[in-house]
Each structure stands twice: as C-alpha cells, then as structure tokens.
There are 2 protein chains.
Amino acid sequence: MPLPDNIPADMEREINEKGGIESIISNIPDEKSLEKMAGIHQALSDSIRLKIMFFLHEQRACVCLLRQITSLAYSKLSYHLKILRAADLITYEKNGNYAIYSLTDFGRFCVEKCVTASGNYKR
Amino acid sequence: MPLPDNIPADMEREINEKGGIESIISNIPDEKSLEKMAGIHQALSDSIRLKIMFFLHEQRACVCLLRQITSLAYSKLSYHLKILRAADLITYEKNGNYAIYSLTDFGRFCVEKCVTASGNYKR
DNA sequence: CAAACGTTTTAAGATAATTTGAAATACTTG
DNA sequence: CAAGTATTTCAAATTATCTTAAAACGTTTG
C-alpha cells in the first residue's frame, strides 16, 4: 500500500513517526469485524427498534405489550423484532400463546453502552 | 397507557413491582433522543464508513489518502464522508487543495466505544 | 490565465430497507 | 374439534440508501 504521490508534508511526517502506513493499517479491524460491527449498528439504527431495546432493558415483555408501548401493527412489530433477533440483541421464550421477549447479554451490553453515551448523543 | 387485556400473570406482577407501566416507560429515552441515537447508529452502519472512522482514529488524512486506504472512487468516498460529517463524527480543515479529515471529539468517543466493545461484537 | 490537481456535487440507476394488509401458524380453551 | 388468541410470514408497494459516471468547484502551478 504505497502513499499517494503527493500528500501534505506534515501528514507524511506523522505517518512515518507511526511506523508507516502499513503499521497504521494493521491497527484497524479487519473487513469481517467491520462488517459485523456495521450490522449491529444497522440493527440499532431505527428509533422503533431502539425503543424496543430500551423498554426490554427495563422489563421483559410479550409482543402484545410491546404493541401497546409502540402503537405498531403486529406485522410491523414482528418485522422489527426479527431484525433484533437476527442481530442477537434480543431473544424470546414461548409461554403458551405468548412470546416473551428479553435482551440477550449482548443486547444488554449494547443498550448500556448507549445509556452511558446518552449525554454525548446530544452532542 | 393501559396494559393489554391479557398478559401473563408473572409479567404483570413484575410490572406492578416496578410501579406500573407508566413508571417503566418514564425510564426510556424520549422520541427525540431515540431518533438522534438511531441517526448515529445509521451513520456507523456501513463497513466503509467504519473503516474510515477507525483509520481517522489512528491518523488524520486527506481524501486522497483515504481513497488509497479504501480503494474507493472519489465520488463514492465523498458521499460517505458527507454522511459522517452530517452526523458530526468527522470534520475537516482545508490546506491548499487538500481537505484534511479528522474525528470530532464525539466521533472519537464513538470509535472508542466500538473498540471497547470489539470483543463483544464477535459475540 | 490556462492547465492540473484535489475534492465535491449532481442526477440517474441499482439495491436494500420499510410498510401494509392479508393469510398462515400454533397454541389454548370451551 | 371449532373458535379464539398471540404471533409470524408473505408478497406487493413504498421509501431510503448506495453506486456510478460525468460535470463542477476552488486552489495551485507553470
């Protein structure tokens, strides 16, 4: 990975002080990790889904309760739940007719990152 | 916000122990905050953009250097830079012909959250 | 000032995510 | 087992995001 033909001299100096461009690149996550992270952010990139995540962080819930909280049609809600499930952020157990959703450990971890960040999310 | 007509009894008990559904809802971020958070996650929901973020966390860079790192066409790169700028994750200063991009404080904060999480991102 | 350079913008097309309503599933109860 | 309830799936329509190539912009250099 050569540097471009011309770059600002002070930038070039900084890069050399860090052991060159290859050395810098070796510190950034590989493509597979980046894609995995991107997928998590994607799952959390919708306010409906975030609302579900934050609610489940307080209290596990059947779909009919989530429906009430979000004022969504079942089919729409189910679509969003599926996305959160696919990202391994939530899980559920069947209880008779009910599906009781709750956060996975990973989901809990992510929500708590957001909570810590919430002051900063305001910028 | 009434509870649904029928929900599992043990869930209902949990909710009452937490002071009722209204009390639980009062702990979740308001719609505006949720949308802001969703927007940040959206900006970070693409592996190209994450790569740029992680690179800039190591080293500020002109667009031509980022082009080299990402193997992207300028127009495509510029599109993604614009999204990161709009989310206030990166900024730049002009230096002659060059635009030198770097993370904002907020951007740095977000990348560092991701880094801390990277072990968990693997699940 | 013309040519070159680094970068951004634009508009069109391609792809992906979301919404909607209807139908399907699966469990429970009378 | 028929009817009811909770939930999911499906396919079609809508909307949002991403990609591409060409053109435009502003700065520098000969």
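Every chain is numbered from 1, with letters handed out A, B, ... down the list of sequences.
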Value in whole Å for how far the C1' atom of C/dA17 lies from CG of A/Leu44: 16 Å
Interatomic distance, A/Asn95 CG vs D/dA6 P [rounded to whole Å]: 13 Å
Residues A/Arg60, B/Asp10; criterion side-chain contact (heavy atoms from CB on, under 4.5 Å); working and verdict: CA-CA 11 Å; A/Arg60 67 196 178 122; B/Asp10 49 351; 3.4 Å; yes
Polar side chain donor-acceptor pair, A/Tyr92 to A/Arg85, under 3.5 angstrom: no
Option from B/Ile25, B/Ile24, B/Ile15 for which side chain to side chain contact (heavy atoms under 4.5 Å, CB included) with A/Glu58 holds: B/Ile24
Crowding at CG, A/Asp105 (>12 non-hydrogen neighbours, <6.0 Å): no
Integer-rounded Å distance: C/dA11 P and B/Lys82 NZ: 11 Å
Donor-acceptor contact below 3.5 Å, side chain B/Ser45 vs main chain A/Ala38: no
Please write out each protein N/O paired with an N/O of nucleotides 3-7 of chain C under 3.5 Å, distance rounded to 0.1 Å.
residue	atom	partner	partner atom	Å
C/dC5	O2	B/Asn97	ND2	3.1
C/dT7	OP1	B/Val63	N	2.9
C/dT7	OP1	B/Ala99	N	3.2
C/dT7	OP2	B/Cys64	N	2.5

Interatomic distance, B/Leu72 CG vs D/dT20 C1' [rounded to whole Å]: 12 Å
Working for side-chain contact (heavy atoms from CB on, under 4.5 Å), residues A/Arg49 and A/Gln42: CA-CA 10 Å; A/Arg49 295 197 289 268; A/Gln42 163 63 25; 4.0 Å; yes
Reference residue A/Cys110; test side chain to side chain contact (heavy atoms under 4.5 Å, CB included); the match among A/Leu103, A/Asp88, A/Ile40: A/Ile40
Can you pull every protein N or O that's under 3.5 Å from an N or O on nucleotides 17-19 of chain D?
residue	atom	partner	partner atom	Å
D/dC18	OP1	B/Arg49	NH2	3.3
D/dC18	OP2	B/Arg49	NH1	3.3
D/dC18	OP2	B/Tyr79	OH	3.0
D/dT19	OP2	B/His80	NE2	2.8

A/Ser23 side chain to A/Lys18 backbone, donor-acceptor under 3.5 Å: yes
